[in-house]
Amino acid sequence: MRQTQHFIPTLKENPTEAQIPSHQLMLRSGLVRGLASGVFSFLPMGYTVIKKIINILREEMEAIGGQEFLLPALNPIEIWEQTGRVEAMGDVLFHIKNREGLVLAPTHEEIITYHAKQHVKSYRDMPQIWYQIQTKFRNEARPKSGVLRGRQFTMKDAYSLDTTWEGLDEAYQRHYDAYCKIFNRCGIKFFVVGASSGAMGGKKSQEFMVESNSGEDICAITDNYAANLEVATSQVQPVARINENLLIEEFATPNAKTIDDLIEQFNIPEERCAKSVVYMVNDEPWLILMRGNDELNETKLQAVAGTNNIRPAGNDELVKYTGADHGSIGPVGLKGNIKVVADLLLQDANGMVSGANKDGFHLKNIDLKRDANISEYIDLRTINEGEICIADGQPLRVVKAIELGHIFKLGTRYSEALDAKFIDADGNLNPIIMGSYGIGVERIMACYIEQNHDEKGIIWNKALAPFFVHLLGLNIHKSDEVRAASEKLYADFKAAGIEVLFDDREETAGVKFNDADLLGLPYQVVVGQKNLKDGNVEVKNRKTDERFVISINEVVKELTFRD
RNA sequence: CGGAGCAUAGCGCAGCCCGGUAGCGCACAUCGUUCGGGACGAUGGGGUCGCAGGUUCAAAUCCUGUUGCUCCGACCA
């Protein structure tokens, strides 16, 4: 492709709206342009990269027996009502204003299940893997980070249909393996974490994550362990019981509002402090007891409570249920009817200090077994950087991550809701057992760039690069020799089946070099007067910055065998 | 949805406080010089200052409203 005939609008400066490297570089290198918040146009180079990603997705999905569909984005709302997801999705689901009864599909479990119900009637019709690569619409409350969170995006979504749970396990595992291959082929460093299923419903799910400061998820990882912080645990010694078991005693703490105040003013070891926080769970008060300054993990609390409807109690509620303001709350002598749960680390602890439920006073020598009415000990704490991993004893790293893919064992939630049943070998009617597997296509592109760039621009690998070779004709408009040599090389590369972008613009050398580094094609082949007089060209490897001079007659062959 | 910020030429910005005919850099066009790491000079084109009201002799500037974009938070398959 000749650059003079290809639309590649590069920018020298970062547009202000772009805050993260991938967004900045996608704009600067002319891959995308924003159209509205969370809505992007892909320019020819950007779309070329998307097509490369899609080819990889398609090959690996076909390799596990996937059959490609193209399903409509316009969906009848009735189907979504039948699965309860109109309500579950809430504002995220786009509704069509001037055509009642249609919504824009944010994902396609419902439509797949609808077609399965129509035609998959016998156990002989399964297993099936159905997939598509299609535009999804989600009315995100806050689109951000370029294409990483958009209102319209491309997703590879796949669905497995099985007759047995073992069949689902196998389909799930195949997708797991395929996803690893896909991300490896794309050259993305990733890890897999167990995750909560959210509004999708289902039994088990795992997320494929990419470590990135631009990520929205937080994970705890070592070389052998990875978990979303929402579920991560670590090896921390529980608060031990001490021998002397003194009687509970109230003491005045007029200036101690926090655990740190207590530690400082009364010389109490941090682990002997029990911090109390009050949450309203479905509008019922829970007092949650945490060790010292451990932080409550709200997602763990939600899991225990079985609801997302939790919030910290307000001041009025604190006084109403405990008798004190924050700072003096504890598990003993509560005023109202309130459920008390405690973190696992506090199991049966004694000799503890906590609030007296009386402003300005605390209690010491609390024995949680003797003095408090703890209904449950549960893991509720947020782990911290550096704590010891339960799997391999290494210190945990707490990192931000981007979710690239998500695989779910859905089970029968959708097949039951939409009555998609099959007849088994014994003549019985059973719901189809389903799995659902998604990958964000634009996210692959953005994550790759997040991981592979430097101060000059993007560093593409062969798999995703829009072109493999960037042929730079220096001062091509001023030198007939350079013109002739680079035209010939351009033809030779094309004849050899090497994807080549030919910078035949009338620009200065510096502009071409800088644009080439910005676009980041794997190899730059520089045709200039300097080397041409000896019949040579210079080759630069964008990733390693390796440069070498080679005969113009050898360079095509040389690059044919490179990655 | 809560909190904050921004909106002036394709991009990056100044001007606004203190109202008086809209500027700078890059990019773009033409000419000359330069010619392997974002060249130099000259000349030129391009903006109803997000939009709508209001105040005023006069509004980019002051007031009110509104829309869009970004960030923090909430939410998120």
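Letters A, B, ... are given to chains in the order of the sequence lines, protein chains preceding strands, and every chain is numbered from 1.
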Taking B:G37, B:G38, B:C13 as options, the one with an atom nearest any side-chain atom of A:Asp515 is B:G38
Side chain of A:Glu507 (C-beta onward), nearest among B:A74, B:G37, B:C28 = B:C28
Could you please name the option among B:G38, B:G12, B:C72 that lies closest to any side-chain atom of A:Val511?
-> B:G38
So what does A:Ser479 touch, heavy atoms closer than 4.0 Å: a base, only the sugar-phosphate, or nothing?
-> nothing
Can you figure out which of B:G12, B:C72, B:C69 approaches the side chain of A:Ala36 most closely?
-> B:C69
NA contact type, A:Asp517, heavy-atom cut-off 4.0 Å: base, sugar-phosphate, or nothing?
-> base
Which residue pairs pass the side chain to side chain donor-acceptor pair (under 3.5 Å) test with at least one member in residues 18-45 of chain A, sequence neighbours excluded?
-> A:Ser22-A:Glu450
Which part of the nucleic acid, if any, lies within contact of A:Gly528, taking any heavy atom under 4.0 Å across all strands shown: a base, the sugar-phosphate backbone alone, or nothing?
-> base
Does a distance-only test, which skips hydrogens and angles, find a donor-acceptor pair under 3.5 Å between the side chain of A:Arg142 and the base of B:C1?
-> no
Base, sugar-phosphate, or nothing: which does A:Lys144 touch, judged by heavy atoms less than 4.0 Å apart?
-> sugar-phosphate
Out of B:G36, B:A39, B:U70, minimum distance to the side chain of A:Glu538 belongs to B:G36
Nearest-neighbour nucleotide for the A:Arg28 side chain, B:C11, B:G38, B:U34 considered | B:G38
Candidate pair A:Trp460 and A:Val49, rule side chain to side chain contact (heavy atoms under 4.5 Å, CB included), full reasoning = CA-CA 10 Å; A:Trp460 288 115; A:Val49 175; 3.7 Å; yes
B:C35 base to A:Lys478 side chain: any donor-acceptor pair below 3.5 Å?
-> yes
Residues 133-162 of chain A vs ring pair (Phe, Tyr, Trp, His ring centres under 6.0 Å), sequence neighbours excluded, gives none
Donor-acceptor pair between A:Gln132 and A:Asp157 side chains, under 3.5 angstrom | yes
Distance check: side-chain N/O of A:Ser37 vs OP1/OP2 of B:U70, anything under 4.0 Å?
-> yes
Measure from the side chain of A:Phe513, starting at C-beta and using heavy atoms only, and say which of B:U70, B:G37, B:C11 lies closest.
-> B:G37
Pick base, sugar-phosphate or nothing for A:Phe153, based on heavy-atom distances below 4.0 Å to the nucleic acid.
-> base
Measure from the side-chain heavy atoms of A:Asn531 and tell me the nearest of B:C13, B:G36, B:U70.
-> B:G36
Going by atom types only, do A:Arg85 and A:Tyr414 share a side-chain donor-acceptor pair under 3.5 Å?
-> yes
